[in-house]
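For reference, the structure is listed below as structure tokens.
All values below come from the heavy atoms of this structure, side chains included, with hydrogens, waters and symmetry mates left out. We name chains A, B, ... by the order of the sequence lines, and we start the count at 1 in each one.
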Amino acid sequence: SFDRNACLDRISSCRSLSAAKQIHAQVLATHRTLRSDTYVANLLLQMYGKCGSVDDAARVFGWISNRDSFSWVLMLSAFAQNGHLESAKRLFDAMPLWTLAAWNAMLSAYGRNGFIQSAKGIFDKMLERNLISWNALLSAFALAGHLGRAQEIFDAMIEWNVVSLNAMLGIYSRNSQLARAKSLFDKMPERDVISWTTLIAANARHGHTEAARALFDAMPRRDQFSWNSMLSGYIANHNLDKAKIFFDHMPEWSLVSWNTLISGYAQSGHPEEARSVFLEMRERDLVSWNALLDAYALHRKVDEARFVFDTIPERNLVSWTLMINVYAVEGHLEESKYLFQKMPLRDVAAWNAMLSAYARRGLLNHARSVLAAMPERD
RNA sequence: CCUCCCUGCUCGUCUGA
């Protein structure tokens, strides 16, 4: 009665936490030996990590009877992808076996959370490295905005693959080096969908909608990311009409497509349109909710925003920060402070929100004490 | 045999010329 292939398909296509829980329940009901089926259990663990629930991922991890090296790395990634760097580190230290993938995962965990020194430290400690390690280090510097250091690493690498080159494309694009990106793209021995999409997004972000569209039309194969990138290009350049037409002509829509449209309406001053798109969706994730919250936040609709905030099935850092900012803009600093203290986890953006809330009102003593309490400053 | 680690799309704070 347990259809393995169907189950694997459902798990890998799962996009939201609510769907994840349904799938989990269904698998539990049909698969009697799930607990010792490490392969399938690992997929569940991964699914929860991707859907943003570290708690559920950890529960599955603890419940698996025979954890393999995949389980450990998946759990580490779940922590890292959701900003729980401390837990990731603790798990890494507790690992029974440090595979190369485990080292790479830890390296990338530091990198994606902005701790480049620690990332470099891990890299230096590694006895064995592969191209993935180098690429992860490259991305760590790229993400931190260190174009020069990234370039040095890139030049020091003895081999590159399409991932390395795509990473450089992305670095150039984030640093507004569009000409360099284009020239690298032209020189690449092979390009995949990601190369094309990176360049499309780069052009779109810098206001070159036409160039983006030309690339989009020229690319040999398009996936959902490509379509979404082009859509968000129109929206970033305030071509909401074209965006809507483009959206209607898309062969398929992912949650991101819908979310992009919501945030398009939000940013262009149409909270009601944003809301109606939101209501049209048959499935929503946290970003959908946050985008709607943002729509109300931008228009200072405090009650509507609060209602959304109270209704969200689960909240993340973005939701909390949005709501803090809604109150801050209205001058309700007590509310902001209350939420700030109540939120389970704070990142730089949250701290900045609270800091600027006080600063904007000239409450410099409060601002100073926030600044003093921040774990990391720059 | 099939799942892990590196690159591209959507939501928040601040900063930039």
Side-chain angles (χ1 to χ4, degrees), chain A residues 4-5 8 11-12 38-47 49 68-78 80 99-109 111-112 130-140 142 161-171 173 192-202 204 223-233 235-236 254-264 266-267 285-295 297 316-326 328 347-357 359 378:
Chain A
R4 194 177 185 83
N5 289 330
L8 300 190
I11 292 180
S12 56
T38 310
Y39 177 86
V40 175
N42 283 347
L43 285 173
L44 286 173
L45 160 49
Q46 180 182 34
M47 172 181 73
D68 61 11
S69 67
F70 282 43
S71 323
W72 287 87
V73 175
L74 283 166
M75 191 63 235
L76 200 162
S77 303
T99 58
L100 182 52
W103 283 95
N104 285 339
M106 195 61 232
L107 165 53
S108 120
R112 79 168 74 249
N130 59 10
L131 189 48
I132 292 184
S133 328
W134 282 93
N135 286 340
L137 187 68
L138 182 64
S139 309
N161 63 6
V162 70
V163 172
S164 334
L165 294 164
N166 288 342
M168 280 315 283
L169 275 183
I171 296 164
S173 133
D192 62 10
V193 208
I194 296 188
S195 327
W196 285 90
T197 306
T198 303
L199 204 60
I200 288 172
D223 66 6
Q224 191 65 53
F225 279 57
S226 328
W227 285 92
N228 291 340
S229 297
M230 195 58 233
L231 174 65
S232 97
I235 284 174
S254 67
L255 266 174
V256 171
S257 329
W258 287 91
N259 293 343
T260 305
L261 197 60
I262 294 182
S263 90
Q267 285 157 25
D285 68 1
L286 242 180
V287 175
S288 329
W289 285 90
N290 288 340
L292 182 64
L293 178 49
D294 189 35
N316 66 1
L317 285 165
V318 177
S319 338
W320 285 94
T321 310
L322 272 165
M323 202 61 223
I324 286 172
N325 208 40
V326 167
D347 66 357
V348 197
W351 283 96
N352 283 341
M354 202 59 231
L355 178 62
S356 70
D378 60 22

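- Distance, W196(A) CH2 to U7(B) C1': 17 Å, rounded to whole Å.
- Distance from the side chain of N290(A) is smallest to C11(B) among C11(B), C6(B), U10(B).
- Picking from U10(B), U7(B), G8(B) the nucleotide with the shortest atom distance to the side chain of S226(A) gives G8(B).
- Phosphate contact (OP1/OP2 of C5(B), side-chain N/O of R112(A), threshold under 4.0 Å): absent.
- The residue T260(A) sits close only to the backbone: its heavy atoms come under 4.0 Å of sugar-phosphate atoms, none of a base.
- At a threshold of 4.0 angstrom between heavy atoms, the contacts of D223(A) include nucleobase atoms, whether or not backbone atoms are also involved.
- Note on T321(A): every side-chain N or O is 4.0 Å or more away from OP1 and OP2 of U13(B).
- Note: CG (N161(A)) to P (G8(B)) measures 13 Å, nearest angstrom.
- Judged by distance alone with a 3.5 Å cut-off, no donor-acceptor contact links the side chain of T198(A) to the base of G8(B).
- Residue ring and base: Y39(A) counts as stacked with C2(B) (centre distance below 5.5 Å, interplanar angle below 30°).
- Residues S229(A) and S226(A) bring no donor and acceptor atom of their side chains to less than 3.5 Å of each other.
- Nearest nucleotide to the A201(A) side chain, out of G12(B), C6(B), C9(B): C9(B).
- Of the candidates C14(B), C4(B), U7(B), the closest approach to any side-chain atom of A101(A) belongs to C4(B).
- No donor-acceptor contact under 3.5 Å links the side chain of N316(A) to the base of G12(B).
- In this structure, the side chains of V287(A) and I262(A) stay at 4.5 Å or more apart for every pair of heavy atoms.
- Listed candidates were U7(B), U13(B), C9(B). Nearest to the side chain of V256(A) is C9(B).
- With C2(B), C9(B), G12(B) as the candidates, the nucleotide lying closest to the side chain of D294(A) is G12(B).
- The CH2 atom of W351(A) sits 10.5 Å away from atom CD1 of I324(A), with the distance rounded to the nearest 0.5 Å.
- The side-chain heavy atoms of I200(A) and F225(A), taken from C-beta on, include no pair separated by under 4.5 Å.
- Of all nucleotides listed (U7(B), U13(B), C11(B)), U13(B) comes nearest to the side chain of A353(A).
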Show your working on side-chain contact (heavy atoms from CB on, under 4.5 Å) between N130(A) and N104(A) and close with a plain yes or no.
-> CA-CA 9 Å; N130(A) 59 10; N104(A) 285 339; 3.3 Å; yes

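- Among the nucleotides U10(B), C4(B), C5(B), the one closest to the side chain of F70(A) is C4(B).
- Picking from U3(B), G12(B), C6(B) the nucleotide with the shortest atom distance to the side chain of N42(A) gives U3(B).
- Across C4(B), C11(B), G12(B), the shortest atom-to-atom separation from the side chain of L317(A) is found for G12(B).
- Here D192(A) lies out of heavy-atom contact (under 4.0 Å) with every strand.
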